[in-house]
Amino acid sequence: MMPVAAYADRLSVRPGQTIRFHVASTTGQPVEADLVRVICADANPAGPGVRLEPLGSSPAVLAKPAPAPVPHGSHAEIAVLPRSLQDHDLTFGCRVMPTLYGRDRTIADHHDGENGFRLGLDGDGCLQALVGDVRLRVDHPMPLREWSFVWLRVDFQAGEAQIGFRTLAHGEPDTRPGSRLDTARAKVGAAAHPRGGVPMRLACSEPARHDHFNGRLEMPALFAFSLGDEKLAGLAAGDRAVLAQAIAAWDLSRDPGGSRIVDIGPHGCHGRLVNTPTRAVTGSRWSGREMRWRDAPDEYAAIHFHEDDITDCHWPVCYEWTVPEDTRSATYALRLSSAGHEENVPFFVVPARGRASAPVAVLASTFTYTVYGNNIRPEWDRDPAWQQTWRDQSRAWGAYAHNPGDHREYGLSTYDLHTDGSGIGIASWHRPMLNVRVGYITYPDEPLRASGLRHFPADTH
């Protein structure tokens, strides 16, 4: 974490509107904040250098902003499940394509700490479950980047729980040589259901546990009885007649432009997505015949979850400014300092609607700033000398001191990769964007070009 970090709730603001700044600090000291007009954001001493014009008011002293976590990881939350599920046998089934192992990863969780169930993968990629206080594990790992059908079923009368997975091929149970059908059984008591109103989560248990699933889920379903072998095989094959018996079933192909997952079961137990996972991605039944999800929604019925997805840091508002009516249209920044550490958050004041204020309009490419937000140059990871040159040049010029390569906790850009190697497709400005800062240098190579700037700092010229 940076000693002082911040972001604004918007990138541009008009006179009469209010812009709010979210701040986190690890210094344990008060933070001073003042507003400046940005005339030049290029730290190169061969040019004009960084030029900032204070707005005239004395710096405000913020109460000590506390350290604030970054809530990584996308998942789904279903707040309410049917009461009729209580004390019944149950079956949970889902199509799963894991893309990263390494530590415990939760596929589905409905556990209150004592009762309920949790199904996921261990660090070796082996399917595991917790039913009440009983643990089950399948010894063979699930295949990476391939589709499998996973299940958990609990039969109270038999006092038994079973987990298992079966590999799929084109959405059907795979019967080719080498395909897998692995299970594990254990004796359990009547503890498969939480005793309170515990939400059910997909792709993590609790965000603070950092056990987010990396990969794709398709058609998770919950039954209030233990499916027999024949019906379980039918569910694995996508039998709609079996799915219709579910007490809740989430069709992840529905409403892919939103943050809701739709339950097509009888109780409408819809869920919400957190941290914007990637929707309408190819699922277990993808044939390759259609390249647009609109033309074959059943083939794009999966959601890809990542442990490093982030939409909003949800830090507290520590400073806000209502723009006076006579404020000129220009580039501004909130400047922050605490215990010798500095941060700045640029933004734009634009003219009031319907009133021309100048003969020339300047378009600030804020979409570009956002999708490139926290872009890590490929040289940063592959060339230690390049990285050291960047540090040396930033220090020599008194430039912005932080690089996204040192602070991946704030999320990366759409030109970078998730931890599972998949491309990042969604970016948000509700997080610190370190390369959208006064004084930030992109390229330290002196022969490359001028001050080595891109995007916001370059645009101030």
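We're numbering straight along the sequence, starting at 1.
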Colleague: Can you name the salt bridge (charged side-chain N to carboxylate O under 4.0 Å, His left out) partners of Asp312, sequence neighbours left out?
Modeller: none
Colleague: Tell me every residue that passes side-chain hydrogen bond (donor to acceptor under 3.5 Å, both in side chains) with Ser74, counting only those two or more places apart in sequence or in another chain.
Modeller: Asp309
Colleague: Answer whether the closest heavy-atom distance between the side chains of Ser148 and Pro143 falls below 4.5 Å.
Modeller: yes
Colleague: Compute whether any side-chain donor of one residue and acceptor of the other, for Glu299 and Ser287, lie under 3.5 angstrom apart.
Modeller: yes
Colleague: Which residues pass the salt bridge (charged side-chain N to carboxylate O under 4.0 Å, His left out) test with Asp263, sequence neighbours left out?
Modeller: none
Colleague: Can you tell me how far the CD atom of Glu379 sits from the OG1 atom of Thr442, to the nearest 0.5 Å?
Modeller: 10.5 Å
Colleague: Are the side chains of Val150 and Leu119 in contact, using a 4.5 Å heavy-atom criterion?
Modeller: yes
Colleague: Pair Tyr300, Glu218 - check side chain to side chain donor-acceptor pair (under 3.5 Å), show working.
Modeller: CA-CA 9 Å; Tyr300 292 83; Glu218 179 182 4; over 6 Å; no
Colleague: Inspect the contact between Asp104 and Arg118 and indicate whether a charged nitrogen and a carboxylate oxygen are less than 4.0 angstrom apart.
Modeller: no
Colleague: Only one of Thr183, Val96, Ile107, Leu136 forms a side-chain contact (heavy atoms from CB on, under 4.5 Å) with Leu127, so which one is it?
Modeller: Ile107
Colleague: Holding to side-chain contact (heavy atoms from CB on, under 4.5 Å), I want the full list of residues that pass it with Pro457, two or more places apart in sequence or in another chain.
Modeller: Ala41, Tyr440, Leu453
Colleague: Sequence neighbours excluded, which residues qualify as salt bridge (charged side-chain N to carboxylate O under 4.0 Å, His left out) partners of Arg431?
Modeller: none
Colleague: Say whether His461 and Asp42, considering side chains only, have a donor N or O and an acceptor N or O under 3.5 Å apart.
Modeller: yes
Colleague: Find out whether Pro404 and Tyr410 are in side-chain contact, i.e. whether some heavy atom of one side chain is under 4.5 Å from a heavy atom of the other.
Modeller: no
Colleague: Please identify each residue that fulfils side-chain hydrogen bond (donor to acceptor under 3.5 Å, both in side chains) with His304, with sequence neighbours left out.
Modeller: Arg216, His306, Asp420
Colleague: So, using side-chain hydrogen bond (donor to acceptor under 3.5 Å, both in side chains) as the criterion, who are the partners of Arg145 when residues are at least two apart?
Modeller: none
Colleague: Over all heavy atoms of both residues, which pair between Ser451 and Trp397 is shortest? Give the atoms and the distance, please.
Modeller: O-CZ3, 3.8 Å
Colleague: Has the side chain of Ser205 got a donor or acceptor atom that lies under 3.5 Å from a matching backbone atom of Asp109?
Modeller: no
Colleague: Is a donor on one side and an acceptor on the other found under 3.5 Å between the side chain of Tyr372 and the backbone of Asn435?
Modeller: no
Colleague: With sequence neighbours left out, what residues match Arg240 under side-chain hydrogen bond (donor to acceptor under 3.5 Å, both in side chains)?
Modeller: none
Colleague: Mark yes when over 12 heavy atoms from residues, nucleotides or ligands other than Arg14 sit less than 6.0 Å from its CZ; otherwise mark no.
Modeller: yes
Colleague: Under a 4.0 Å N-O cut-off, is there an ion pair linking Glu146 with Arg180?
Modeller: no
Colleague: Answer yes or no: is there a donor N or O on one side and an acceptor on the other, between the side chain of Glu409 and the main chain of Met1, under 3.5 Å?
Modeller: yes
Colleague: Hey, are the side chains of Arg254 and Arg260 touching, using non-hydrogen atoms and a 4.5 Å cut-off?
Modeller: no
Colleague: In chain order, what residues pass the side-chain contact (heavy atoms from CB on, under 4.5 Å) check against Leu417, with sequence neighbours excluded?
Modeller: none
Colleague: Are the side chain of Arg279 and the backbone of Gly258 linked by a donor-acceptor contact shorter than 3.5 Å?
Modeller: yes
Colleague: Could you check whether any side-chain N or O of Trp250 sits under 3.5 Å from a backbone N or O of Cys269, counting only pairs where one atom can act as donor and the other as acceptor?
Modeller: yes
Colleague: Are Asp392 and Thr389 linked by a side-chain donor-acceptor pair shorter than 3.5 Å?
Modeller: no
Colleague: Verify whether the ring centers belonging to Trp429 and Tyr369 lie closer than 6.0 Å.
Modeller: no
Colleague: Please check this pair: side chain of Ser253 against backbone of Ala301, looking for a donor-acceptor N/O pair closer than 3.5 Å.
Modeller: no
Colleague: What orientation do Phe117 and Phe92 show, parallel under 30°, tilted 30 to 60°, or perpendicular over 60°?
Modeller: tilted
Colleague: Sub-3.5 Å donor-acceptor pair from the side chain of Asn374 to the main-chain atoms of Pro432, do we have one?
Modeller: yes
Colleague: Ala330: which residues meet the side-chain contact (heavy atoms from CB on, under 4.5 Å) condition with it, sequence neighbours left out?
Modeller: Arg37, Arg328, Tyr332
Colleague: Tell me, please, which residues at least two apart from Asp298 pass salt bridge (charged side-chain N to carboxylate O under 4.0 Å, His left out).
Modeller: none
Colleague: Kindly write out the residues that satisfy side-chain contact (heavy atoms from CB on, under 4.5 Å) with Ala244, not counting sequence neighbours, or none if the list is empty.
Modeller: none
